[in-house]
Amino acid sequence: MKEELPKSYNSDVEVEIYSLWEGSGLSNPDNMAKYLKEAGYDVKKPFTITLPPPNANGNLHLGHVCGYSFHDVMGRYMRMTGHPTLLLPGKDHAGIQTESVFTKILEKEGKSKSEMGREEFFRRSYEFCTENAKNAREQEKRIGLSADYSREFFTLDPRLTKIVYETFYKMFEEGLVYRDKRIINQCPNCHTALADVDTEHEERRGIFAYIKYPIVGKDKEYITVATTRPETMLGDTAVAVNPNDERYKDLVGKKVILPIANREIPVIADESIDMELGTGALKVTPAHSPIDFELGKRYGLEVRNVINENAKMEGDIPERFKGMGTIECSKALCEELEKEGLLEKIENIKHDVMICERCKTLIEPIISNQWYLDVKPLADKALEEIRKGNIKVIPIGQQKALEHFYENIEPWCISRQLWWGQRIPVWYSGGKKLYDWLQENEGKGVDDYENETGEEATGTGKIHLGEEQPNVENNEIWEQDEDVFDTWFSSGQWPFSTLGGPEGEDFKKYYPTQVMTHARDILFWWSARMIMMGIYKTGEVPYNTVFLTGMILAADGSKMSKSKGNGVEPKEIFEKYGADSLRMWYYSDALPGSNAPLREEKIKGNRNFVNKIWNASRFIVMNIDDKEMGEISNFKITESERINITKDHIGKVSRYMEKYQFNLGAEAIREFFWHQLCDVWIEEIKNDIKDEGIGSEKRIKSLSELLYILKENLKIMHPFVPFVTEAVWQELVKLGLADGILMSQQMMSH
RNA sequence: GGGCGAUUAGCUCAGCUGGUCAGAGCAUCUCGUUUACACCGAGAGGGUCAUAGGUUCGAAUCCUAUAUCGCCCACCA
């Protein structure tokens, strides 16, 4: 018996609908393949997306939800066209960010990280993430993501770590990863080294100080250098000028006195020095500036560390400066120089500085030993694949950016001085310091180390790869590396690690994947690495298409951020308009390469569309009399003009789907359903049958055709608006007018 | 400094390989309470497609400049 359906669609049922999908198990591609086979369909090639894992330490924002909407529209379409579909979900441990968030939480509880100890900290962080991941997972489901949660991974899952370690071992054996001593980007707030991509540039106010360095053997003759960072002068080991600079020609090879420190340092000449800039004379601080470091290497200059990893002054410097912050020291130095008459002037300038991408703290360039991955050969292969057309980035402009990134890539610093992450699986006999010393001093041995450093060696200086300590011989002491891998070193392996690695069962079935979708702001961090590491480890590109969604912005066009308080929680939108409405907005507005300022009125417009689907369906169902149900459900559909037009429409939408033109697809389904099916056909048929008696041939024929067209429309609309279409489908099932669940129905061929 | 992209109705933007391409949604205005839906229906207004040249039978669509805006990359001390 037919019940009266509610007059308007209530999106509260979305949660229930999701449970129905979950209960069906058809998000699992193995089950879907079985279903297709049993139902007599061709089982086509699997479709796989290893979904971007959001940070496990927080909630999803509208940007994440946007990404999942795109993954899901692709996945649902593929599933309904014969492809067993795997949307593999995960959660990211997000190294630096989580460590900092969790450390702050501990501080609030009055506990400290160091007191807690590494193991306990790790355990507690893991719990914290596991707990928080629930929120993210709920939100993924709320937008309708038809992912296979039986395959969900956390990036620190031991199964993934194992694969990440294997990759590292392979890279070590091939000489691609190595320890090196060079200038790194140290974030004094996060207390770790950062890769170049983990930094940003920002224009900030600063000073440009002109300092006079007295020339040795001359009275009151100086060479003036200009610097934005006077505090680094304590570590100066040369002054550099351009060899073609007439002003300084005679000084090259002479010595000058470094004020305050009272050391003699040479004047050297190098082509790279810009004569126009400042005074044309550059103070060279190899330990604290990348350019200077290179100069130092070229001319064999001494490297003097005067700033430590916490951005405090230290080293071989006058006692009074030790422990000062860099700015404090800069001021103190300028005052002293002023008194000595060696400060020519100070200009106030605006200049670009490097800051931490996470916490916006000023980066301190310091010398340090870190693990590096020589990504150049991997980048070359990635470039080759792009040029062969095996990888496409949508939009194309970003593909050019990616190529540019690969062309100019530098070794990637992959070690981080954190606890939260995958600990680097390396042991050093006699400690890291010994190993690094031997690496730096090629040809020298342990004896030399003891003689030159005056320290006793506690091992052979050998290295051991592995998670477990090797057997101890001759009382040597093995020390495990304290550092962890950069988060992106592991997430760069996501497409194959989550499938069990090259030997995994899932890998054989579901790799390579087809597409990767994420916001464009992590292109270099993530996709760039996944492509390189995928090719490296598996010999195949991990996916052929990178689909970059637009950036979701606040209504005024600015970035949504917690600090500005202009963020909108997905929950708010879900409650007000439902997931389908939000999805439709994404498809039409959050296009690749664009910015999408949140437009609530547009989401509202889509809510109206969702309701229209519900209502038109309700009307069709209402028109079918109970006595006609049987006959209509068994009616043999024949060709008709309306059905042909519908077929064409489905073909058109399918082509949009295959070309990733979801905006056009969304527009087309809306246009067709509303303005063709509702405004024209329903009206026509309403008119046709208004004087017909129940059960008449004309009624049966017209209503059967209408029902058929409705069902085909529900199918083609389902990837876009899965909830409302499934809700309607289930009403049809109740009446015996449809079977199963819509999610697994197969599209009409076209 | 280098690279990329944008500039189309009041707003946010579509417009794929040049020829019904001058569009959509929202907003505005008029009319309509017809037994699916007012989260509705019927209709209307509104743009020399940034500017200037060029290619072409024909350009919003291709090329070249110019202007404005945005993003990314970058060791100018």
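Residue numbering restarts at 1 for every chain, and letters A, B, ... go by the order of the sequence lines.
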Side chain of Asn663(A): nearest nucleotide among rG25(B), rG15(B), rC37(B)?
-> rG15(B)

N or O in side chain of Lys7(A) less than 4.0 angstrom from rC37(B) OP1/OP2 = yes

So CG of Leu714(A) and CG of Leu732(A): to nearest 0.5 Å the spacing works out to 6.5 Å

Nucleotide nearest His404(A) when distance is taken to its side chain, options rC73(B), rA36(B), rA14(B) = rC73(B)

Of His288(A), Lys283(A), Arg304(A), which is the lone residue that meets side chain to side chain donor-acceptor pair (under 3.5 Å) with Thr232(A)?
-> Lys283(A)

Just compare rG25(B), rA77(B), rC39(B) and give me whichever is closest to any side-chain atom of Asn611(A).
-> rC39(B)

Does His201(A) place a side-chain N or O at less than 4.0 Å from the phosphate oxygens OP1/OP2 of rC72(B)?
-> no

rU8(B) versus rA44(B) - spacing of their P atoms, nearest Å = 25 Å

Which nucleotide in the list rG5(B), rA77(B), rC39(B) gets nearest to the side chain of Leu282(A)?
-> rA77(B)

Any salt bridge between Asp374(A) and Lys376(A), counting N to O under 4.0 Å?
-> no

Distance between C1' atoms of rC62(B) and rC26(B) (Å, rounded) | 33 Å

What do you reckon, are the aromatic ring centroids of Tyr77(A) and Phe662(A) less than 6.0 Å apart?
-> no

Can you tell me, in whole Å, how much space there is between the P of rU28(B) and that of rC39(B)?
-> 14 Å

Does the rA74(B) base have a donor-acceptor partner in the side chain of Asp352(A) within less than 3.5 Å?
-> yes

Gap in Å between the two C1' atoms, one belonging to rC63(B) and one to rG18(B), rounded | 13 Å

Give a yes/no on whether any side-chain N or O of Lys400(A) is located under 4.0 angstrom from OP1 or OP2 of rC73(B).
-> no

Using the C1' atom as the reference point in each nucleotide, state the distance between rU20(B) and rA60(B) in Å, no decimals.
-> 15 Å

Salt bridge between Glu200(A) and Lys360(A), side-chain N to carboxylate O under 4.0 Å?
-> yes

From the options rG25(B), rC76(B), rC75(B), select the nucleotide whose nearest atom is closest to the side chain of Lys602(A).
-> rG25(B)

P spacing across the pair rC76(B) / rU7(B), given as an integer number of angstrom = 31 Å

From CZ of Arg670(A) across to P of rC37(B) the rounded distance in Å is 19 Å

Between the base of rA36(B) and the side chain of Glu683(A), is there a donor-acceptor distance below 3.5 Å?
-> yes

Would you check if the distance from the ring center of Trp488(A) to the ring center of Phe524(A) is below 6.0 Å?
-> no

Below 3.5 Å, does any donor atom in the side chain of Lys659(A) face an acceptor in the base of rC16(B), or the other way round?
-> yes

Contact list for RNA chain B against residues 229-241 of chain A - heavy-atom distance below 4.0 Å = none

From Arg607(A), Glu572(A), Glu600(A), Lys604(A), residue fulfilling side chain to side chain donor-acceptor pair (under 3.5 Å) relative to Tyr577(A) | Glu600(A)

Can we say Asp198(A) and Arg358(A) salt-bridge, meaning some charged N sits less than 4.0 Å from an Asp/Glu carboxylate O?
-> no

5′-ward residue of the pair Arg599(A)/Met354(A) relative to RNA chain B = Arg599(A)

Nucleotide-level pairing of RNA chain B, given in dot-bracket where Watson-Crick and G-U pairs need both distances under 3.5 Å and | marks other strands = (((((((..((((.........)))).(((((.......))))).....(((((.......))))))))))))....

Counting side-chain heavy atoms from C-beta on, which of rC75(B), rA36(B), rA77(B) comes nearest to Arg618(A)?
-> rA36(B)

Nearest to the side chain of Asn615(A), which nucleotide is it out of rA36(B), rC16(B), rC39(B)?
-> rA36(B)

Looking at side-chain heavy atoms only, is the closest gap between Ile613(A) and Phe673(A) below 4.5 Å?
-> yes

Round to a whole Å and report the spacing from CD of Glu601(A) to C1' of rG25(B).
-> 10 Å

Determine: side-chain N/O of Trp674(A) to OP1/OP2 of rG41(B), distance under 4.0 Å, yes or no.
-> yes

Given Lys734(A) and Glu731(A), is the salt bridge (Lys or Arg N to Asp or Glu O under 4.0 Å) satisfied, shown in steps?
-> CA-CA 5 Å; Lys734(A) 276 186 208 160; Glu731(A) 294 302 330; 3.3 Å; yes

Nearest listed nucleotide, side chain of Ile682(A), among rC39(B), rA36(B), rA14(B) = rA36(B)

For the ring pair Phe70(A) and Tyr587(A), is the centre-to-centre distance below 6.0 Å?
-> yes

Which is it for Glu667(A) and Arg670(A) under the salt bridge (Lys or Arg N to Asp or Glu O under 4.0 Å) test, yes or no, and what are the steps along the way?
-> CA-CA 5 Å; Glu667(A) 194 183 315; Arg670(A) 179 189 171 108; over 6 Å; no

Side chain of Thr228(A) (C-beta onward), nearest among rA74(B), rA36(B), rA77(B) | rA77(B)

Please measure how far the P atom in rU61(B) lies from the corresponding atom in rG15(B), and state the result in whole Å.
-> 14 Å

Considering only the C1' atoms, how many Å lie between rA24(B) and rA14(B), rounded to the nearest integer?
-> 7 Å

Residue whose closest nucleotide on RNA chain B lies nearer the 5' end, Ala401(A) versus Asn608(A) | Asn608(A)

If you check the Phe524(A) side chain, which of rC73(B), rG41(B), rA77(B) turns out closest?
-> rC73(B)

